[in-house]
Amino acid sequence: MTPTIWVDASAGASGDMLLGALAGAGVPIAVLQEAVDAVSPEPVTLRVEQVTRAGFAATRVHVEVADSVHHRTWRDVRAMLDAAPATAVAAFERLAVAEGAVHGHDPLDVHFHEVGALDAIADVVGVCAGFTHLGASEVVVSPIAVGSGSVRGAHGVLPVPPPAVTELLRGVPSYAGPGVGEACTPTGAALLATLATSWGPQPALVTDRVGVGAGGRDPDTHANVLRVLVGASTPGTERLQVLEANVDDLDPRVWPAVLEALLAAGARDAWLTPVLMKKGRPAHTLHALVAPGEAEAVRAAFFAQTSTIGVRSTAVDRVALPREEVEVTVDGQVVRVKVTPSTTTPEYDDVLAAARALARPVRDVLAEASARARDAIGSRP
Ligand SMILES: O=C([S-])c1cc(C(=O)S)c[n+]([C@@H]2O[C@H](COP(=O)(O)O)[C@@H](O)[C@H]2O)c1
Ligand code: NI
């Protein structure tokens, strides 16, 4: 079974913290070194060191290089990445697009300063090779702490988060803290934005390996580490999201069509709960259960079908019983029945249509369809 990874970026993220966490989680340093050697025009050595951060053991990977080039364009870097994992090219492209946006340049002509140096290229290539080596089907990343205050670099003094990071973290959950300084660098943001398959707290996971990665900064306010948990998803558990909005001004006759539209947009389930809103106003909360890939279309349906101006989302774990659909006939009328190890549930629309066609009570058709489904399952060899 392919593993699931959870990245804890609650103290921020940088290329070297990610490299350290991967090495700490058991990715052989030779795997990272080989990937870096495949792209680097000059010798680069990765060296592992066990360090402590605020009293906690962590792994640091030093990238040792005497880089003779200090500024590279995205064009230059792109030409170096032919032998790199596709995710490394994608992460650097994100950096180029973000830099282009903040400086007002075409991404191809962007001049990288620190992020174009060979050590940053080694971070990106090594981290992407490490994730490829782990072969995870899911990479869930926590909301990212970005730090606070300001940082000094080739661009002079920049606010934290610096412009490139704010651009890279569009659409990504992030927040200030945990201390003063730059907790999330452009390289860390670009890597996580590229590698994450979803964002949120730790999913249900049987943890196998834990990597604790340190960078160069060691503030005394907190353990400045990024953690990587590698494990197996709890069997039968799916990571889904619940989208929600409170609505107090929609013609109530529209609600059935709204629920139908959310299901048509890909929601696994959609439902309403009556609520009392501020000032004692009666209203409804509209809920939809969605897989990460369906969230955007279902969110668009919230906005198109209702008067809401905001949609909340919460990550949830769902354990679902295995299910299958069987078809039975009741007096010649076809009824679909959803069967799980503990239930048989006839499709209500089919039952209603059959009851009307047969001029029989709905509850009789319901009971007969359930019984026939149980017989059909029970008589299987
Ligand atoms: O290299 C470039 S062009 C660069 C752009 C920006 C902007 O926000 S714009 C910021 N920085 C700073 O460089 C260092 C190193 O970043 P890494 O991602 O290589 O660790 C960091 O302090 C950035 O804020 C560089
Ligand atoms: Ni820049």
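Only this structure's heavy atoms are used, side chains among them; waters, hydrogens and symmetry mates stay out. In listed order, ligands and their atoms are each counted from 1.
In this structure, Arg217 does not pair ionically with Glu182, as no charged nitrogen and carboxylate oxygen lie closer than 4.0 Å. Under 4.0 Å is where a charged nitrogen must lie from a carboxylate oxygen, and between Glu64 and Arg47 at least one such pair does.
No hydrogens or angles considered: nothing links the side chains of Thr314 and Gln241 as a donor-acceptor pair under 3.5 Å. Thr2 and Ser137 are linked by a side-chain donor-acceptor pair at a separation below 3.5 angstrom, with hydrogens and angles left out of the test. If you check the side chains of Thr4 and Ser233, you find a donor sitting under 3.5 Å from an acceptor.
The residue among Glu182, Arg72, His113, Glu167 with a heavy atom at the shortest distance from atom 2 (C) of ligand 1 is His113.
The atoms of ligand 1 that sit less than 4.0 Å from any heavy atom of Pro163 are 8 (O). Close approach of ligand 1 to Pro186 is summarised as follows: ligand atoms under 4.0 Å from at least one heavy atom of the residue are 10 (C), 16 (O), 18 (O), 23 (C), 24 (O). Heavy-atom contacts of Pro162 reach the following atoms of ligand 1: 8 (O), 24 (O) (cutoff under 4.0 Å). Near His103, with a cut-off below 4.0 Å to any heavy atom, the atoms of ligand 1 are 9 (S).
Judged by distance alone, the side chain of Glu114 and the main-chain N or O of Ala154 form a donor-acceptor pair under 3.5 Å.
Note on ligand 1: Gly15 sits outside its first shell, no heavy atom being nearer than 4.0 Å. The shell of residues lying under 4.0 angstrom from ligand 1, judged by heavy atoms, excludes Arg152.
Only the side chain of Leu158 comes within 4.0 Å of ligand 1, counting heavy atoms alone; its backbone N, CA, C and O stay farther away.
Put simply, Val140 and Val230 are part of two different groups of oily side chains (I, L, V, M, F, W, Y) that touch within less than 4.5 Å, one to the next.
Ligand 1 has a nitrogen or oxygen under 3.5 angstrom from a nitrogen or oxygen of Thr187. For ligand 1, the polar-atom distance check against Glu99 finds no nitrogen or oxygen pair separated by under 3.5 Å. Note: no N/O pair closer than 3.5 Å links Ala120 and ligand 1 by distance alone. Any N or O atom pair closer than 3.5 Å counts here, and His111 shares no such pair with ligand 1.
Ring orientation note: the planes of His155 and His113 are nearly perpendicular, at an angle over 60° on the 30°/60° scale.
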